[in-house]
Amino acid sequence: MNHAQANSPGAQRGGRAVNGKAGGSVAAKGSPLEPLHLTPVTSLPQRAAKPPKVGPDLDRWMHAQLSRFSGGISIPALRMAFEDWAVHLSHNPAEQMALARDALGAWQRWLAFLAESAAPGGKSCIEPMVHDKRFAAEAWQHWPFNVMSQSFLVTEQWWDHATRGVRGVSRHHEEVVNFSVRQMLDLFSPANFVLSNPEILNRTLASGGVNLAQGFGNWLDDLQRQLSRKPPAGAESFQPGVNVAVTPGQVIYRNHLIELIQYAPATPRAKVHPEPVLVVPSWIMKYYILDLSPHNSLIMYLVEQGYTVFAISWRNPEAGDRNLGMDDYLQLGVMDALDAVQRIVPGQRIHAAGYCLGGTLLAIAAAAMARDGGKRLATLSLFAGQTDFTEPGELDLFIDESQVTLLEDVMWDKGYLDNQQMSGSFQLLNSNDLVWSRVLKDYLLGERSPLSDLMAWNADGTRLPYRMHSEYLRQLFLGNDLAFGRYKVGGQAIALSDIQCPIYCVGTQRDHVAPWRSVYKLHLLTHTELCFTLTSGGHNVGIVNPPGVPGRSYQSLTRGADKSSRPYLDAESWLQAAPQFEGSWWTHWAAWLRERSGPPVTAPGMGAPQAGLAPLCEAPGHYVMQK
């Protein structure tokens, strides 16, 4: 059997493969360590090679083609949102009059400002939002640029008021309308044009237009890279296995969906805590966000703290993987990795840590094992991973029945969701920082923004299989089945309240993907000891947060397993009660793990050849290299 055959989905479902050979669990039947046996998913219709005949598949095909022109946004969903807002506003005369008064008052203030704008030290009629730095430069305080920026901000504020709080409009539609109007207004910001932006205008006059010529060259280069699906300029400076993902280790297990990496010990005399650490990253990203450059690698930090660390590296799915579902990611991912770790470190419980969607999947696995009496885990750590999806933040803008249906039709056509579509959605959520600031710097000022290791990783995207992403969106985002006890593993429902091991949960202050107040709801779903930590930064920077970086801070507070020792605190009360610390949350987590680990022992060998887990290749392995 060749490598492709050994690692095919059919081979895996017929009997799990261990490093290309059929193999079962080391646990005896009925043991708490016995792996979950999941019901195989049924097949999905394959992509039509040409437009299908009249029927449901024709609708799907048509939707997939139209999505190319709408940027993957559901036009019916957008239309329904604006109709909901417009119709309700048209039936509320009092709100219309209030908005008219607001508009009149705002423009009166602006006209008064206009009369005084030529005089130095004039007071602004409106201040931008705290996070809006577009008009912060001194040049914007002088005429006529102050007049333009104030006019834009007045208009922006009025539309923000007009699209919020209209009685009768659903919350979701209100957020979609407000977000869409904000995106349209941002197109016309005076900061985006040469003649209305004093910084660009001064640079253009001083350089004789060289900046615009350089910016045009940058735009052409980016366009060529996008059309040929090449990484952005500068990404070639960060290559996995060369200067990122360089923590020494070996791939000791491989199946169709994962490679499992075991890292070499880095402590004196190879002494490590007996409990290993298993890291489960999200499969919507390459795993090496947790093993970037040596100075900001969480995996290397854990190894240096004296742990035997294992990490999952997910395969980048292709069209032929369209039928891989959440059950497959659970069994071939988390459960197979746990099996392999316990073959190498037998008799020891595991510190399991999951990031983003990997944390959600790990929580599902932990609940399923707890339901069945399993005792594999020593602790459970979740980094920016949601378990309740009722308030998923601005990501909810792209999640409703109409939008999910369109995404399903796009994935039905391709077999997967392309990473470019995902990255485009994430960029829209923070367009001022991720889109317009780049337009300003790269194309109008003619300066290439230097690429960091984190930015290069962000451009190294992955795809999502049709079935998995559909199940994820419908069962978790739309149905919230995990929080409500409806999510099934092995045909039976699971409950996070069954988890008994201590939990360390991290939220990040400026998270557009997993807002910390949403992550915090784990308090309502579990009864065990829970240490919640809120760190500065966003979804990525907040987690990639090594010690020694100035300006980093975190808050942390522990709820004991006995709830009577500390009653429930809502998120805002927790924010007031939790003490604040300077520095990185990594040191706090390491101390938390150390308190729940045994004294150091001799590190285990690399892999377990006697158990069929001989090292296959050096880290970072093959799957991380897939494009």
Side-chain angles (χ1 to χ4, degrees), residues 41-42 44-45 56 59-60 63-64 67 70-78 80-81 170-173 175-176 179 282-285 314 317 319 321-330 333 354 356-364 384-426 428-429 461-489 494 511-515 518-519 521 539:
V41 295
T42 56
L44 286 172
D59 293 342
R60 287 186 161 195
H63 296 163
S67 72
S70 67
I73 301 297
S74 170
I75 299 303
L78 207 58
M80 287 188 293
S170 74
R171 180 189 62 83
H172 176 66
H173 285 165
E175 291 175 348
V176 169
F179 175 82
S282 171
W283 55 88
I284 65 172
M285 56 185 73
W314 298 99
D321 298 310
R322 61 188 297 122
N323 291 333
L324 290 173
M326 288 290 290
D327 278 356
D328 296 290
Y329 275 80
L330 180 62
C356 186
L357 184 53
T360 305
L361 186 70
L362 184 57
I364 291 172
Q386 296 181 92
T387 49
D388 184 300
F389 291 82
T390 51
E391 294 180 306
E394 288 189 328
L395 197 61
D396 191 38
L397 295 165
F398 303 101
I399 308 295
D400 57 25
E401 185 63 40
S402 178
Q403 187 64 55
V404 169
T405 299
L406 178 64
L407 286 175
E408 287 177 333
D409 292 346
V410 171
M411 293 186 293
W412 169 86
D413 185 56
K414 290 184 175 181
Y416 55 81
L417 184 67
D418 191 271
N419 65 287
Q420 288 191 349
Q421 188 167 352
M422 286 188 293
S423 63
S425 299
F426 291 139
L428 280 177
L429 295 178
T462 59
R463 296 173 289 273
L464 300 180
Y466 170 22
R467 176 178 292 278
M468 183 286 303
H469 200 46
S470 178
E471 292 174 346
Y472 168 60
L473 293 176
R474 289 198 173 278
Q475 295 183 44
L476 296 178
F477 266 96
L478 289 182
N480 204 22
D481 289 352
L482 181 59
F484 287 117
R486 295 191 296 259
Y487 194 94
K488 293 184 178 180
V489 174
I494 61 171
D511 200 326
H512 293 278
V513 180
S518 179
V519 174
K521 290 185 177 183
H539 187 71

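Atom set for the values below is all heavy atoms of this structure, side chains included, hydrogens, waters and symmetry mates excluded.
- Considering only heavy atoms from C-beta on, M326 comes within 4.5 Å of L476 through its side chain.
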Please assess R474 against V404 for the test side-chain contact (heavy atoms from CB on, under 4.5 Å), listing each intermediate value before the final yes or no. CA-CA 8 Å; R474 289 198 173 278; V404 169; 3.9 Å; yes
Walk me through whether Y416 and Y466 qualify under ring-ring contact (aromatic ring centres under 6.0 Å, His included). CA-CA 5 Å; Y416 55 81; Y466 170 22; over 10 Å; no
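- The shortest side-chain heavy-atom distance between L357 and Y472 falls under the 4.5 Å cut-off.
- Contact between T387 and A363 at its shortest, heavy atoms only, is CG2-CB, 4.0 Å.
- Rounded to the nearest 0.5 angstrom, E175 CD and R171 CZ are separated by 4.5 Å.
- Within the 4.5 Å cutoff, the side chain of D409 has no heavy atoms near those of the D59 side chain.
- Contact of the P465 side chain with the R322 side chain is not registered, since no non-hydrogen atoms from C-beta on lie closer than 4.5 Å.
- With contacts defined as side-chain heavy-atom distances shorter than 4.5 Å, the pair P392/Q386 qualifies.
- In this structure, the side chains of L478 and E401 come closer than 4.5 Å at one or more pairs of heavy atoms.
- Side-chain atoms of S402 and D400 include no donor-acceptor pair closer than 3.5 Å.
- Once rounded to the nearest 0.5 Å, the distance linking CG of D321 with CZ of R463 reads 9.0 Å.
- Here the CD1 atom belonging to I75 is positioned 6.0 Å from the CG atom belonging to L78, to the nearest 0.5 angstrom.
- C356 and H539 get closest at one heavy-atom pair: SG-NE2, 3.3 Å.
- A donor and an acceptor atom, one from each side chain of S74 and Q403, are nowhere located under 3.5 Å apart.
- Residues satisfying the ring-ring contact (aromatic ring centres under 6.0 Å, His included) test with Y329, not counting sequence neighbours, are W283, W314.
- Annotation for K521: atom NZ counts as buried by contact number, over 12 foreign heavy atoms lying within 6.0 Å.
- Looking at D511, its side chain does come within 3.5 Å of a backbone N or O of A514 through a donor-acceptor pair.
- Although no hydrogens or angles enter the test, the distance criterion places a donor-acceptor pair under 3.5 Å between the side chain of S518 and the main chain of D388.
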Before you tell me yes or no, could you show the steps for L482 and I494 under side-chain contact (heavy atoms from CB on, under 4.5 Å), namely the whole-Å CA-CA distance, both residues' side-chain angles and the distance that decides it to 0.1 Å? CA-CA 8 Å; L482 181 59; I494 61 171; 3.9 Å; yes
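- In terms of the ring-ring contact (aromatic ring centres under 6.0 Å, His included) criterion, H173 has no residue partners (sequence neighbours excluded).
- Under the rule for a ring-ring contact (aromatic ring centres under 6.0 Å, His included), Y487 has no partner lying at least two apart in sequence or in another chain.
- In this structure, the separation between CD1 on I284 and CE on M468 is 8.5 Å, given to the nearest 0.5 Å.
- A donor-acceptor contact shorter than 3.5 Å links the side chain of D328 to the backbone of G325.
- For the pair M411 and H469, the minimum side-chain heavy-atom distance is below 4.5 Å.
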